[in-house]
Participant: 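What follows is a structure written as structure tokens; I'll ask about it next.
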Amino acid sequence: MVSETARIGVIICSSRQPRVCPQIAQFVVQTIESTSLRSNDAGPCLELIDLFKWNLPMFDEPDLPSQITDHYQYKHAHTRAWSEEVQRYHAFIFVVPQYNWGYPAVVKNAIDYLYSEWKGKPAMVVSYGGHGGSKCNAQLTEVLRGVRMVPTTQSVELTFPNRGVLVKAVKGEDISFDDTSESDVWQVGRQHITAAYSELLQMLVGTNVQSN
Ligand SMILES: Cc1cc2nc3c(=O)[nH]c(=O)nc-3n(C[C@H](O)[C@H](O)[C@H](O)COP(=O)(O)O)c2cc1C
């Protein structure tokens, strides 16, 4: 059993205004919280991390993050604050849109600031887009391996059910996951989220999870 003190950060990887990413992140969290994996409140705590709210400048540290051994060595206060935030979590779920066959710059920037804070931690990628964002998913997974994270073998690619939903997503409008004509698509998405999350939990089992 995974300790209740385990914390999983759910990273909202779009900073556009408006955007659909917070809705997708909520869909992921609600799917996980409604599964038997979370029965009796025995699972880890899921917390949202919104990169728009963090509003990090473009990477501006003078030293290599992989050479930093204590976060007080970072030059900038925003880096120290971001380091403290990432240190709080034992694993991460990246909820990420596909932009032009890749992932948004805001998430690469947020990753590049740090190194040891990511290293060794399990990660799961949930991409979304007109075709599920497979290219962005694969590219981000590769980068996560570069900072020595441990991605789940199962990824999640959520495809907007039709063009109408894509148009709403672009405008940040309510995409109503329970619309009966589209529910099959989201139901498959829920199954994939549950399967990948189950793997993430297995990775956390046996890790030295403590409350900080
Ligand atoms: C710059 C940009 C590039 C995009 N490229 C793709 C793409 O390659 N594939 C795709 O399926 N959707 C693409 N889209 C559509 C997005 O899936 C859609 O806009 C979605 O709402 C983006 O997520 P967000 O609103 O959370 O930023 C792109 C959107 C933007 C803004």
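For ligands, and for the atoms within them, numbers begin at 1 and follow the listed sequence. Predicted, not measured: the structure shown is a model, and the values here were computed from it.
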Participant: Are V126 and F52 connected in the hydrophobic side-chain network, where two residues link if heavy atoms are under 4.5 Å apart?
Facilitator: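 Different clusters.
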Participant: Would you please test R80 and D70 for salt bridge (charged side-chain N to carboxylate O under 4.0 Å, His left out) and show each step?
Facilitator: CA-CA 10 Å; R80 293 193 290 274; D70 184 293; over 6 Å; no
Participant: Would you give the length of the straight line joining atom CZ of R7 to atom CZ of R88, rounded to the nearest 0.5 angstrom?
Facilitator: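 Interatomic distance, R7 CZ to R88 CZ, rounded to 0.5 Å: 5.5 Å.
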Participant: Heavy atoms only, cut-off 4.0 Å: how does K135 contact ligand 1, side chain, backbone, both, or neither?
Facilitator: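 Neither part.
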Participant: Of the side chain and backbone of W101, name the one, both, or neither that has a heavy atom under 4.0 Å from an atom of ligand 1.
Facilitator: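 It is both backbone and side chain that touch ligand 1.
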Participant: Is it true that W82 and Y113 have ring centroids separated by less than 6.0 Å?
Facilitator: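 That pair fails the under 6.0 Å test.
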Participant: Taking heavy atoms and a distance under 4.0 Å, where does R16 meet ligand 1: side chain, backbone, both or neither?
Facilitator: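 It is the side chain that touches ligand 1; the backbone stays farther off.
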Participant: Which residue holds the protein heavy atom closest to atom 19 (O) of ligand 1, what is that atom called, and what is the gap in Å?
Facilitator: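 Answer for atom 19 (O) of ligand 1: V170 CG2, 3.3 Å.
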Participant: Any nitrogen or oxygen of G129, side chain or backbone, less than 3.5 Å from one on ligand 1?
Facilitator: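 N/O-N/O distance under 3.5 Å: no.
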Participant: So, is P97 polar-close to ligand 1, with some N/O to N/O distance under 3.5 Å?
Facilitator: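 Min N/O separation from ligand 1 is not below 3.5 Å for P97.
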Participant: Could you go step by step and tell me if T79 and E61 meet the side-chain hydrogen bond (donor to acceptor under 3.5 Å, both in side chains) rule?
Facilitator: CA-CA 8 Å; T79 315; E61 282 292 325; 2.6 Å; yes
Participant: What is the closest protein heavy atom to atom 27 (O) of ligand 1, and at what distance does it sit?
Facilitator: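 Ranking protein heavy atoms by distance from atom 27 (O) of ligand 1, first comes Y99 OH, 2.6 Å.
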Participant: Note the single closest protein heavy atom to atom 13 (C) of ligand 1, along with its residue, its atom name and the distance in Å.
Facilitator: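 Here the closest protein heavy atom is Q98 O, 3.2 Å.
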Participant: Below 4.0 Å, non-hydrogen atoms only: which portion of A169 touches ligand 1? Side chain, backbone, both or neither.
Facilitator: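 The part of A169 near ligand 1 is both the backbone and the side chain.
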Participant: Under 3.5 Å between any N/O of L166 and any N/O of ligand 1: does that happen in this structure?
Facilitator: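 Checking ligand 1 against L166, no N or O pair falls under 3.5 Å apart.
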Participant: Any side-chain to backbone donor/acceptor pair from Q73 onto T69? Under 3.5 Å, distance only.
Facilitator: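 Yes.
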Participant: Can you list the atoms of ligand 1 that are under 4.0 Å from a heavy atom of H131?
Facilitator: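 With H131 as reference, the close atoms of ligand 1 come out as 11 (O).
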Participant: Would you say that more than 12 heavy atoms from the other residues, nucleotides or ligands in this model lie under 6.0 Å from the NE2 of H131, or not?
Facilitator: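 No - once you tally the heavy atoms of other residues, nucleotides and ligands closer than 6.0 Å, there are 12 at most.
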Participant: Atom 11 (O) of ligand 1: which protein heavy atom is closest, and how many Å away?
Facilitator: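 Of the protein heavy atoms, G130 N, 2.6 Å lies nearest.
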Participant: Any idea which protein heavy atom is nearest atom 5 (N) of ligand 1, and the distance to it?
Facilitator: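 Minimum-distance protein heavy atom for atom 5 (N) of ligand 1 reads N100 N, 2.8 Å.
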Participant: When you measure from atom 26 (O) of ligand 1 to every protein heavy atom, which one gives the shortest distance, and what is it?
Facilitator: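 Ranked first by proximity to atom 26 (O) of ligand 1 is Y128 OH, 2.6 Å.
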Participant: Does only the side chain of C21 get under 4.0 Å from ligand 1, or the backbone, or both, or neither? Count heavy atoms.
Facilitator: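 Both backbone and side chain.
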Participant: With only distance considered, is R19 within less than 3.5 Å of ligand 1 through an N or O on each side?
Facilitator: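 N/O-N/O distance below 3.5 Å does not exist for this pair.
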Participant: Thinking salt bridges, do R190 and D184 make one under a 4.0 Å N-O criterion?
Facilitator: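 So R190 does not pair with D184 through a salt bridge.
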Participant: Which label fits F92 and F94: parallel for a plane angle under 30°, tilted from 30 to 60°, or perpendicular past 60°?
Facilitator: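 Rings of F92 and F94: tilted, as their planes differ by 30° to 60°.
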Participant: Would you say P57 and H78 make side-chain contact, with heavy atoms under 4.5 Å?
Facilitator: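 Answer yes - side chains close enough.
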Participant: Could you list which atoms of ligand 1 come closer than 4.0 Å to a heavy atom of F160?
Facilitator: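 Matching atoms, with element in brackets: 17 (O).
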Participant: M203 versus T152: any side-chain heavy-atom pair under 4.5 Å?
Facilitator: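 They are in side-chain contact.
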